[in-house]
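One structure below.
All values below were derived from every heavy atom in this structure, side-chain atoms included, with hydrogens, water molecules and symmetry-related copies excluded.
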Amino acid sequence: MKSRKIYLDNNATTPCDPRVVDTMLPYFYEKSGNAASRNHPFGWEAEEGVDYAREQVANLIGVSEKEIIFTSGATESDNLALKGVFEMYKRKGNHIITLKTEHKAVLDSCDKIEKMGGEVTYLDVERDGRVDLKKLEAAITSSTVLVSIMWANNETGVIQPMKEIGEICEKHGVLFMSDATQAVGKIPVKPKEVGVHLMAFTAHKMYGPKGVGALFVNRKNPRVKVTAQMDGGGHERGMRSGTLNVPGIVGLGKACEIADQEMLKDAARLSKMRDRLESELCKIEETYINGNVDHRMPHVTNISFKHLEGEGLMMTFNQNIAVSSGSACTSASLEPSYVLIALGLGDDLAHSSIRFSLGRFTTDEEIDIAIDMLSKGVNHMRDLSPIWEMYKEGVDLDSVEWSEH
Ligand SMILES: *Cc1c(COP(=O)(O)O)cnc(C)c1O
């Protein structure tokens, strides 16, 4: 029997919805003009497609279409927001506050900003992955210009207290930027309702194509400006030069329209499936859910299976189930996830974690198969493990002195 591959890694990327693909197709050939060509119908048609997409995107997040800048994805949007604000507001201050659990696109941009003379505070999170509001407020100084806090975490699905953070930023007159890549299109995300002034997101995490994203930049009260990081023809009101990716943008627009209509229904269905997966897997001994379970994305769970390696567990699926482990492959070794470490997990629990992220095309049958394969895989791995045997014999593993090789 040929087994079907099961995709539970939707936080890494989602498949493109066929309805999105259909909407994009004409823009590769029949309507293949440059949206910046103002003097012939080919350009007008492309421009119309982009204008319509801009409305679809703006509608989903409740902003004006004039506040949307199209980019190549969330990485570029994060770079533009952080570096763009840093350069634009230099005279006002040079201090940025962010979290240790942010995506690398934010952390590495901050790193670069420090090299350019900026000051960055990387706040710890609490054991549940959320920021402590008092610590955030205490970190704000007279030179703080920006607070950058992600809406939902990619590894744990944990959602930050956005409204409360927005109030603190408002009170101290600092800008609030959010990487909302994991939240937009999955749960209602309205930046203006929570005082977010800049917001990054991407199409390929919400059933759109890869290589296209957007940055929301607030235009009124306050009027926010960013210094362009890409110079050239002055596209996107001078904030992001480069010929627009018309098919991609049209696809992002359609993905936003579908999300607007279907995300609540999807979220309700997926959270039921996620809860079933989670409660079945948690029947296995020594399993732990990572991150706050009350403030969490509906389709995500991150579980540690103590005393085994997530990477090893994944091998028992024989590549039939796609998930992510809490270990990142660096040049020579497996590094435990910095996000889970920031939650206070030890290296062992971080290495033993698996992230399951469901999506629009996940079925109940796939969840059944995943539960079965996971349960068998964990038992199999533990049966082979001397550490598990020691644990069952009652050895206090924390007190064992392991010899170094
Ligand atoms: C995927 C992701 C990104 C990067 O998005 P790209 O469009 O692939 O550049 C940034 N931030 C978060 C939280 C993500 O999950």
Side-chain angles (χ1 to χ4, degrees), residues 53-86 88-89 96-99 101-107 109-110 131 136 145-154 157-170 174-206 208 212-229 236-237 239-240 249 252-253 255-256 259-260 263 297:
R54 210 184 290 280
E55 274 176 40
Q56 290 169 310
V57 174
N59 275 345
L60 175 66
I61 60 170
V63 306
S64 153
E65 66 274 7
K66 293 200 182 81
E67 298 176 302
I68 298 295
I69 302 171
F70 289 120
T71 65
S72 64
T75 299
E76 188 190 335
S77 298
D78 285 335
N79 272 265
L80 175 56
L82 290 155
K83 295 174 188 170
V85 163
F86 175 69
M88 183 61 72
Y89 294 85
I96 292 174
I97 300 171
T98 190
L99 298 183
T101 51
E102 292 287 315
H103 191 272
K104 283 286 178 193
V106 168
L107 294 177
S109 292
C110 286
V131 65
L136 169 64
V145 284
L146 181 71
V147 166
S148 179
I149 291 184
M150 69 201 317
W151 206 293
N153 185 268
N154 42 305
V158 168
I159 298 171
Q160 296 294 341
M162 299 303 288
K163 202 170 168 55
E164 291 80 357
I165 298 168
E167 282 162 7
I168 291 171
C169 291
E170 163 94 51
V174 301
L175 295 176
F176 182 15
M177 132 85 185
S178 184
D179 177 343
T181 306
Q182 292 290 346
V184 171
K186 321 271 180 58
I187 57 172
V189 167
K190 307 276 183 201
K192 287 183 190 278
E193 287 178 10
V194 297
V196 164
H197 305 112
L198 302 109
M199 189 175 84
F201 51 105
T202 196
H204 77 98
K205 305 265 173 91
M206 49 180 297
V212 59
L215 179 68
F216 153 71
V217 182
N218 204 62
R219 254 170 75 95
K220 261 192 222 144
N221 307 321
R223 179 177 177 82
V224 179
K225 292 211 267 181
V226 291
T227 303
Q229 301 299 305
E236 299 297 89
R237 271 172 271 107
M239 288 194 261
R240 201 278 190 175
I249 288 167
L252 171 59
C256 287
D260 209 15
M263 74 182 156
M297 294 299 289

Before you tell me yes or no, could you show the steps for Phe201 and Ile61 under side chain to side chain contact (heavy atoms under 4.5 Å, CB included), namely the whole-Å CA-CA distance, both residues' side-chain angles and the distance that decides it to 0.1 Å? CA-CA 11 Å; Phe201 51 105; Ile61 60 170; 4.0 Å; yes
Note, [X] side chain near [Y] side chain (heavy atom, < 4.5 Å):
X      : Y      : answer
Ser148 : Asp179 : no
Ile97  : Val174 : no
Val189 : Met199 : yes
Phe176 : Glu170 : no
Gln160 : Ile165 : yes
Asn218 : Leu175 : no
Val226 : Met88  : no
Met206 : Leu60  : yes

Measure across [X] and [Y] and return the closest heavy-atom pair with its distance rounded to 0.1 Å.
X      : Y      : answer
Ala214 : Thr71  : N-OG1, 3.6 Å
Ser77  : Ala200 : CB-CB, 3.5 Å
Leu99  : Leu107 : O-CD2, 3.4 Å
Ala183 : Ala152 : CB-CB, 4.3 Å

Applying the side-chain contact (heavy atoms from CB on, under 4.5 Å) test to Met297, which of Val158, Asn153, Ile187 qualifies? Ile187
Atom pair [atom1]/[atom2] of [X] and [Y] - distance to nearest 0.5 Å:
X      : Y      : atom1 : atom2 : answer
Ser72  : Asn79  : OG    : CG    : 9.0 Å
Ile159 : Trp151 : CD1   : CH2   : 9.5 Å
Met263 : Cys256 : CE    : SG    : 9.5 Å
Glu102 : Met150 : CD    : CE    : 5.0 Å
Cys169 : Glu164 : SG    : CD    : 12.0 Å
Arg54  : Lys66  : CZ    : NZ    : 11.0 Å

Pairs flagged by salt bridge (Lys or Arg N to Asp or Glu O under 4.0 Å) wherever residues 71-81 is involved - sequence neighbours left out: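 For residues 71-81: Glu76-Arg240.
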Check: Ser178 side chain, Ile149 main-chain N or O, donor-acceptor pair, under 3.5 Å: yes
Does Gln182 use its side chain to pair, donor to acceptor, with the backbone of Asn154 at less than 3.5 Å?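 Checking the backbone N and O of Asn154 against the side chain of Gln182, no donor-acceptor pair under 3.5 Å is found.
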Applying side-chain hydrogen bond (donor to acceptor under 3.5 Å, both in side chains), which residue pairs with at least one partner in residues 194-206 are found, sequence neighbours left out? Thr13-His204
Carefully, step by step, assess Val224 and Phe216 under the rule side chain to side chain contact (heavy atoms under 4.5 Å, CB included). CA-CA 10 Å; Val224 179; Phe216 153 71; over 6 Å; no
Exactly one of Lys220, Lys192, Arg219 clears salt bridge (Lys or Arg N to Asp or Glu O under 4.0 Å) with Glu67, and that residue is Lys192
